[in-house]
Amino acid sequence: KAVDPVAHTAAFLKEWSQEGLIVVPVCDGPRPQSKQQTNKSRAVRQKAKHKSVILRQDLRRISQQLKDGGVDAATRKRLEDEQAELSKSIKSAETQSVNVVPLNFPILLEEELIKISAHDDQKGGGSVSP
């Protein structure tokens, strides 16, 4: 599952304020229709989703081979390396397939910043401006 972009951004801003910075988040207004999601970007996300499914099938196959045993040490090492690489690729593909910023992001961000008390003075002397 992808990280919640609102909570992640709010936490990121609060971290900087704890270092003593006064952070002023600026969110662009609504984008014109020509800048909104195109069919191409939807297709890229869908392709990443399909890729993650295929990679997960490969990962299951490799995991089963490792579980069953009966392979020599060199083959086992190669399969373990492949398994680690596939896990990274799956995570990347899954993130690309669902990483979408909500349309009401500025409102949600403001609510999240209030919820985590980011507008208050932080231990480092900074804060996140409303």
Side-chain angles (χ1 to χ4, degrees):
K1 183 180 177 203
V3 174
D4 174 20
V6 177
H8 183 74
T9 303
F12 177 78
L13 294 174
K14 186 174 180 179
E15 284 176 26
W16 278 105
S17 70
Q18 290 172 340
E19 296 298 322
L21 296 173
I22 297 174
V23 181
V24 181
V26 176
C27 297
D28 291 343
R31 293 176 166 232
Q33 186 63 33
S34 63
K35 297 274 185 177
Q36 290 183 1
Q37 185 182 34
T38 63
N39 289 335
K40 181 180 177 186
S41 61
R42 268 189 229 101
V44 167
R45 276 209 329 267
Q46 197 64 22
K47 184 177 177 183
K49 188 175 185 176
H50 293 300
K51 178 181 177 185
S52 71
V53 170
I54 291 167
L55 291 172
R56 194 166 292 285
Q57 289 171 347
D58 290 342
L59 181 61
R60 274 192 224 106
R61 179 186 51 77
I62 289 172
S63 296
Q64 189 62 44
Q65 281 180 310
L66 288 169
K67 184 179 170 187
D68 291 345
V71 293
D72 59 38
T75 305
R76 182 169 195 75
K77 174 72 172 133
R78 183 182 54 78
L79 288 174
E80 288 171 346
D81 291 345
E82 256 185 84
Q83 186 180 36
E85 197 59 42
L86 279 172
S87 293
K88 288 180 194 173
S89 296
I90 289 169
K91 175 74 173 146
S92 174
E94 287 177 345
T95 300
Q96 290 172 8
S97 72
V98 294
N99 198 8
V100 178
V101 176
L103 292 174
N104 58 343
F105 181 79
I107 295 165
L108 295 174
L109 179 60
E110 178 62 27
E111 291 169 357
E112 185 69 22
L113 290 170
I114 290 169
K115 187 168 82 175
I116 65 171
S117 304
H119 297 312
D120 302 341
D121 285 339
Q122 302 300 314
K123 63 182 175 190
S127 64
V128 180
S129 295

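Keep in mind that this is a model prediction, so the values were computed, not measured.
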N/O donor to acceptor pairs below 3.5 angstrom from side-chain atoms of residues 62-75, sequence neighbours left out:
residue	atom	partner	partner atom	Å
S63	OG	L59	O	2.9
S63	OG	Q83	NE2	3.0
Q64	NE2	D68	OD1	2.8
D72	OD1	A74	N	3.3
D72	OD1	T75	N	2.7
D72	OD1	T75	OG1	2.7

(message) How close do V128 and L13 get, counting heavy atoms only, and between which atoms?
(response) CG2-O, 3.6 Å

(request) Please round to the nearest 0.5 Å and tell me the distance separating atom OG of S127 and atom NE2 of H119. (result) 9.0 Å

(request) Find out if a path of hydrophobic residues (ILVMFWY) with successive side-chain heavy-atom gaps under 4.5 Å connects I54 to I90. (result) no

(request) Determine whether F105 and L113 fall in the same hydrophobic cluster, where Ile, Leu, Val, Met, Phe, Trp and Tyr are linked whenever their side-chain heavy atoms lie under 4.5 Å apart. (result) yes

(message) I'd like to check the side chain to side chain donor-acceptor pair (under 3.5 Å) partners of R78; sequence neighbours left out, ordered by chain and number.
(response) E82

(message) Can you give me the closest heavy-atom contact between I116 and K14, atom names plus distance?
(response) O-NZ, 2.6 Å

(request) Might you point out which heavy atoms bring A93 and S52 nearest each other, and give the distance in Å? (result) CB-CB, 3.7 Å

(request) Please identify each residue that fulfils salt bridge (Lys or Arg N to Asp or Glu O under 4.0 Å) with K47, with sequence neighbours left out. (result) none

(message) With salt bridge (Lys or Arg N to Asp or Glu O under 4.0 Å) as the rule and sequence neighbours excluded, what pairs involving residues 118-130 come up?
(response) none

(message) Just verifying a value: how many Å separate K91 NZ and S89 OG, rounded to the nearest 0.5 Å?
(response) 13.0 Å

(request) Locate the shortest heavy-atom distance separating L109 from P25; write the atom from each residue and the value. (result) CD2-CB, 4.4 Å

(message) Tell me which one of L108, I107, I114 satisfies side-chain contact (heavy atoms from CB on, under 4.5 Å) with E110.
(response) I114

(message) The criterion is salt bridge (Lys or Arg N to Asp or Glu O under 4.0 Å); which residues satisfy it with E112, sequence neighbours excluded?
(response) K115

(request) Output all residues satisfying side chain to side chain donor-acceptor pair (under 3.5 Å) with H50, sequence neighbours left out; order by chain, then residue number. (result) none

